[in-house]
Amino acid sequence: MIRHRVRPQHYHHQSDQEDFTDPVPGERWLHGGGGGGGGGGGGEKFTSTYDLVEQMYYLYVRVVKARSLQPSAITGSCDPYVEVKLGNYRGRTRHVDRKMNPEWNQVFAFAKDRVQSSVLEVFVKDKDMVGRDDCVGKLVFDLNEVPTRVPPDSPLAPQWYKLESRHGDGKVKGEIMVAVWMGTQADEAFSEAWHSDAAPVSGEGLLNIKSKVYLSPKLWYLRMNVIEAQDMIPIDLARLPEVFVKAQVGNQVLRTKVSSAPTGNPFWNEDLVFVAAEPFEEQLIITVEDRVHPSRDDVLGSISIPLSAFEKRLDHRPVTSRWYNLERFGFGALEPDRTKEVKFSSKIHLRACLEGGYHVLDESTMYLSDQRPTARQLWRQPVGVLEVGVLSAQGLLPMKLKDGRGSTDPFCVAKYGNKWVRTRTILDSLAPKWNEQYTWQVYDPCTVITFGVFDNCHLGGAAEKQASSNAARDARIGKVRIRLSTLESHKVYTHSYPLLILHPTGVKNMGELQLAVRFTNISIANTIYLYGHSLLPKMHYLHPFTVSQVDSLRYQAMSIVAVRLGRAEPPLRKEVVEYMLDVDSHMWSMRRSKANFFRIMSLLSGLFSVSRWFGDVCHWRNPMTSVLVHILFLILIWYPELILPTIFLYMFLIGLWNYRLRPRHPAHMDTKLSWAEAVHLDEIDEEFDTFPTSKPNDLVRMRYDRLRSVAGRIQTVVGDVATQGERFGSLLSWRDPRATCLFILFCLGAAVVLYVAPFRVVTLLAGLYMLRHPRFRSRLPSVPSNFFKRLPARTDSLL
């Protein structure tokens, strides 16, 4: 047997990347210099080389191409493919039909801890229709001679090797280009490789199990102001038309109101807002229709406009309106020879633009992972770097039957900002180990990263056929959310989070997900600056959307993101995207309403306790306490200027005292807080009911849906009230270390200032500020309001 001695190549260090691009394992990122307010551009560099995860070694084999292969003596041609064999593991490339110089460019990765052989064999085979594939040639590599490559070393260059005969007794015709090296999961070839611990024997159909980084499409709001129309001629000339406008972008259809009076020159001045995604594939289709009867509308004209034709607006400056000619074809069925003639052209007056100053919401406002506007020109400098290591999962439950036994093929998805990552699928494992690390740039620490674990139901030929009919769905295993503002800078959090999910039979613990998370602050000044500014871009406050518009546009944005990510290779399927984006978070359920109610009761319990304590003081239940309260009361009455300094100083001391009680780990899903442990089965059945309800009685369905709709709104209001109270409680709880530090320092400063300044002067200035003229008021939220809205609440822990 002939063995090729593979000698190490010469490596050259690659230059550091200067900006934040989508990370690959081992690339460089800006490190926190903690300094000046100029942004993140001036920080020093550091290397993120998979230090958050356990280092795993793999034997990589890159099969690039072959040339001058020996044709078959029977067919005179060759359908070549490559089989890579290491002990009991075999990986195979796709076969190429009738080609002597095929190209594959495929990577195989064999876990070092499972290697049971000292040699690597690479076979070039000719695919036979009857299943008896002929061996064209082979290579044998001695593993002791394989070089080790550690990023950021330069990639190992593939080399041409002469093929040996199957029995190793001489050379045969043909060469193959191969590279073989030992590396870690930090290697850039890791994500594209076939993995021995996460893949079937065949190298074909690997797209469903490989790790992948996805980018959400760039979303815009398309605002169209329908002003008026002219020369609307109805089909029935004996009546004046009752006109309305229908506009469509993709699957989104909006209508104006019917014109207030029947006329040929109707006027509306209504805004219609759509969600559009780059690249712009759809067109804006405008149809002007005549309401002849409640069940009949006649088309008076239409026009189709490409979205790229509209102006992109970055602020609230006015947009120039335009007149468009409407097209109206045909003269009816009585004159078929004239159906393609264009009739007299009516006109419509529109003002339309693509809004770049808004952040297009595609996720719940409670769990925002990004707040940047669409237009890149309006982005601020990043303030930090988030590094996440997806380590492993433990104790997963079987999700399906395979060969008569329970099985799970788990993978993990993480979403932050417009970047989604998906780990590789570990086949048939209830305790998978991924050990994959990813990096995001952070523009605002008051954001949430979401992790979801799923069972891959799209493996194998039968599953692929089933998936094509939309019968197979990736099953949900559980979800974890982490709010970045609750993380201390430069600290590594390694923790196991329970994977909880609600089933029709009750809440289930599906296992645990182990993560390693590190947030690195690269600009403390910019971070402090953010706490005083509005959470969303200012266009949301200058020209806000209504509540119904926000809900409708968010649903459309989620649908667009799901469709676009579903077209990637491998696809990130609709059920995964919807679960990560909380598509059903607005739906009413008795369980959620109870959870929000008891959140409010938990907050009010503190006030009740203070009221009881004050009653005890008044009734002299504890004489010593009552005497001390009377003395304090007399002092504050005698010296009223001490009231506010005392309050702020007291809060400062409470904040310092609570520092030792600060949370040590990010919050996770809480079944008690979510009211999932004591929920009644009938309430769960109601929560899992479809909307509209699937109940058979029409009257019950109407009343039931109306009740759920109203209760859903009440639930949202109650949840918002609870959120505000929890944000107030988090001022001194150190859930957000930076916010609590800023607040207690403010309290200390306020205590000193109020102690020095006369009380009457402070009261006068405060009153004049509260009663100031509207000219001196800003339309944007105030600094205290912005600071308060950025504080964390317990919504992160709700199921």
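Just so it is clear, the model here is predicted, and its values are computed rather than measured.
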Nearest non-hydrogen partners of M580 and V413, listed with the distance: CE-O, 3.5 Å
Side-chain (K210) to main-chain (E192) donor-acceptor, under 3.5 angstrom: yes
E121 side chain vs K85 backbone, donor-acceptor pair below 3.5 Å: no
Centroid-centroid under 6.0 Å between W194 and Y60 rings: no
Test ring-ring contact (aromatic ring centres under 6.0 Å, His included) applied to F454 - qualifying residues, sequence neighbours left out: F411, Y579
Atom of G87, atom of S117 and distance for their closest heavy-atom approach: N-CB, 3.7 Å
Close side-chain approach of E387 and Q437, heavy atoms under 4.5 Å: yes
Centroid separation H195 to Y58 less than 6.0 Å: yes
4.5 Å side-chain heavy-atom contact, L219 and V561: yes
Side chain to side chain contact (heavy atoms under 4.5 Å, CB included) evaluation trace for L386 with Q441: CA-CA 6 Å; L386 174 65; Q441 49 190 323; over 6 Å; no
Which atom of C412 lies closest to which atom of L513, heavy atoms considered: SG-CD2, 4.3 Å
From CA spacing to verdict: side chain to side chain contact (heavy atoms under 4.5 Å, CB included), H458, D474: CA-CA 7 Å; H458 297 83; D474 291 333; 2.8 Å; yes
Heavy-atom donor-acceptor pair, E436 side chain to R424 backbone, under 3.5 Å: yes
Pairwise distance OH(Y57) to OG1(T148) - rounded to 0.5 angstrom: 7.0 Å
Spacing of NZ belonging to K112 relative to CG belonging to L59, to within rounding of 0.5 Å: 10.0 Å
Pairwise side-chain contact, N105 with R62, heavy-atom cut-off 4.5 Å (strictly under): yes
Check: Y438 side chain, W420 main-chain N or O, donor-acceptor pair, under 3.5 Å: no
Backbone N/O of P571 and side chain of R422: donor-acceptor pair under 3.5 Å: yes
Short N-O contact, R405 and D428, less than 4.0 angstrom: yes
N/O donor-acceptor pair under 3.5 Å between E83 side chain and K125 backbone: no
Atom pair OG1 (T423) and NZ (K212), whose distance is rounded to the nearest 0.5 Å: 14.5 Å
Beyond-backbone contact of V136 with D134, side-chain heavy atoms, under 4.5 angstrom: no
Backbone N/O of S797 and side chain of R481: donor-acceptor pair under 3.5 Å: no
Expected output: side-chain N435 to main-chain E54 donor-acceptor under 3.5 Å: yes
Separation between CD of Q394 and CG of L430, rounded to the nearest 0.5 Å: 10.0 Å
Euclidean distance, L487 CG relative to T520 OG1, rounded to 0.5 Å: 10.5 Å
Atom NZ of K491 with >12 non-hydrogen neighbours under 6.0 angstrom: yes
Value rounded to 0.5 Å, distance of CG in L391 from OG in S496: 8.0 Å
Side chains of L515 and I482 in contact at under 4.5 Å (non-hydrogen atoms): yes
Distance-minimising heavy-atom pair for P666 and Y493: CD-CD2, 3.6 Å
Residues, nucleotides or ligands: over 12 heavy atoms within 6.0 Å of K574 NZ: no
Salt-bridge criterion met for E578 and R476 (N-O under 4.0 Å): no
D142 (side chain) donor-acceptor with V119 (main chain) under 3.5 angstrom: no
Smallest separation among heavy atoms of Y497 and A667, with atom names: CE2-O, 4.3 Å
Check against side chain to side chain contact (heavy atoms under 4.5 Å, CB included), L396 and L499: CA-CA 9 Å; L396 299 183; L499 296 171; 3.9 Å; yes
Donor-acceptor under 3.5 Å (T408 side chain, P410 main chain): no
Residue pair T795 / R483: nearest heavy atoms and the distance that separates them: OG1-NH2, 4.1 Å
Close side-chain approach of L484 and I449, heavy atoms under 4.5 Å: yes
Carboxylate-amine/guanidinium proximity below 4.0 Å for D455 and K400: yes
Pair R735 + D796, salt bridge at N-O below 4.0 Å: yes
Heavy-atom side-chain proximity of Y416 to V388 below 4.5 angstrom: no
Within 6.0 angstrom of D97 CG, more than 12 heavy atoms from elsewhere: yes
Side-chain touch K479/T450, heavy atoms, less than 4.5 angstrom: yes
Worked verdict on N456 versus T425 for side-chain hydrogen bond (donor to acceptor under 3.5 Å, both in side chains): CA-CA 7 Å; N456 196 330; T425 299; 3.1 Å; yes
Sidechain N-carboxylate O distance under 4.0 Å for E363, K415: yes
Parallel, tilted or perpendicular, as decided by the 30° and 60° cut-offs, for the rings of Y161 and F141: perpendicular
Criterion side chain to side chain contact (heavy atoms under 4.5 Å, CB included) on V390 and V421, from CA distance to verdict: CA-CA 11 Å; V390 183; V421 299; 6.0 Å; no
